[in-house]
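Note sheet for the following structure.
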Amino acid sequence: MYHVNLKRYKLSERVSSSPNMATINDNYLKLKAGYLFPEIARRVNSFAQANQSAQIIRLGIGDVTEPLPEACRTAMIKAVEDMGDRSSFKGYGPEQGYGWLREKIAQFDFQSRGCQIDADEIFISDGSKCDCGNILDIFGNNNTIAVTDPVYPVYVDTNVMAGHTGDANEKGEYEGLVYLPISAENNFTAQIPSQKVDLIYLCFPNNPTGATATKEHLEAWVKYAKANGSIIFFDAAYEAYITDPNLPHSIYEIEGARDCAIEFRSFSKNAGFTGTRCALTVVPKTLIASSADGSDVEVWKLWNRRQSTKFNGVSYIVQRGAEAVYSPEGQSQVKQLISFYMENAKIIREKLTAAGLSVYGGVNAPYVWVKTPNGLTSWDFFDKLLHICNVVGTPGSGFGAAGEGYFRISAFNNRENVEEAMQRITTGFKS
Ligand code: MLT
């Protein structure tokens, strides 16, 4: 029998004895631990294995639980039938998305709010998370990049992967990034920086804090971006949760934003498409950035080129489902979904407040941001909730150093689970 000499294949020996081996993107080695949500899942799974009778309630990742709106399902079933008939069958669609969907989005999501966005400035994709990372393909490597702290980790990690940062310090902050702290003191809205930054990530309604931005706050950012030649990456994935009629839903409600902002949106959190996958990115044709030789370049052209080369579009069936969001039935069903999750958020806020905790967010956003009690660290509180209450949330420190001492509870679950989780937390805190 043939025996492999395992000793010969020990990694350390392979590394030193194979100088011509393919190399990796070393930037990945700078990343801290796993991506936050897989890391939480790993810890929860190991707890579940050791405690098989525990009825765990997950209010961690912002993943929807309620069924797709009927209007979307009906449209997708019809689209499947289209695919079964040669006369209506679809092969490759346009990489940018079908015109009929882009037109509806332009009209309902932007023009109806006074935003001057045309259908061909809208690019349909399979997710905002993907687009937030992919957008870096078309920007240079020497930009100064600002993120809030805490922040949706995708903005930071994709910049690390792209080599836009140095190493992380012991607090998890990457050298080279500009961190804009947000806390209860500044209403979780960052102060406009005094230094020049080139690319700025803003997310409103905010993940993870549930905070919102007033029109005046966004105006200050647009003014700053225009004065400094900066570009704002505006993540509006949760805009459907805005209940206050005075709050802007889109950065393009601000005059001048067409010249300095890209907006990311998603069907995940309004119509429950987290598993179905459909999103959009808006790149106005008036948005200009500079090439290395100082010439003006239309960003739209680069994104169009990038998408046509690396992406083949979202499936016809899914785009038909997304289109149905804009039908009268779709609009009313989506509204009901949002109200359902917002009622969950209200229950979470009220119960946690009654339990003596300080809570933020959860009024125009599906996330409630909680101050951990008794000086517990975010991960200590995570363990306490998991072990005592069998409830999963997200440690604030996973969103950045300034998230330490906070905890995020998501309103995405069914009513029974939310009520049961709040009951357990209330009792757990009393004992
Ligand atoms: C979250 O929990 O922060 C979200 O699920 C992230 C996402 O939508 O990618």
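All values below come from the heavy atoms of this structure, side chains included, with hydrogens, waters and symmetry mates left out. Just follow the structure's listing: the first ligand is 1, and inside any ligand the first atom is 1. Model, not experiment: these values are computed from the prediction.
Counting the atoms of ligand 1 from 1 in the order shown, those under 4.0 Å from a heavy atom of Lys269 are 4 (C), 5 (O), 7 (C), 8 (O). For ligand 1 and Tyr367, the ligand atoms under 4.0 Å from any heavy atom of the residue are 1 (C), 2 (O), 3 (O), 4 (C). Remark: ligand 1 atoms within the under-4.0 Å shell around heavy atoms of Phe37 are 1 (C), 2 (O), 3 (O). Numbered from 1 in the order shown, with element, the atoms of ligand 1 that lie under 4.0 Å from a heavy atom of Gly62 read 1 (C), 2 (O), 4 (C), 5 (O). Per-residue contacts place Asn207 under 4.0 angstrom from the following atoms of ligand 1 (heavy atoms of the residue considered): 1 (C), 3 (O). For ligand 1, the atoms lying closer than 4.0 Å to a non-hydrogen atom of Ile61 are 2 (O), 5 (O).
Centroid-to-centroid, the aromatic rings of Phe412 and Tyr341 come within less than 6.0 Å. Between Phe381 and Tyr406, the distance separating the two ring centers is not shorter than 6.0 angstrom.
At a threshold of 4.0 Å, the pair Asp131-Lys129 does not count as salt-bridged, since none of the basic side-chain nitrogens sits closer than that to a carboxylate oxygen.
Cation-pi geometry between Arg415 and Phe340 is satisfied (NZ or CZ under 6.0 Å from the ring centre, within 45° of the ring normal).
Classified by interplanar angle (parallel below 30°, tilted 30° to 60°, perpendicular above 60°), the ring pair Phe37/Phe399 is perpendicular.
Taking Tyr201 as the reference, Tyr155, Phe233 meet the ring-ring contact (aromatic ring centres under 6.0 Å, His included) condition, with sequence neighbours excluded.
Ligand 1 has no nitrogen or oxygen under 3.5 angstrom from a nitrogen or oxygen of Asp63.
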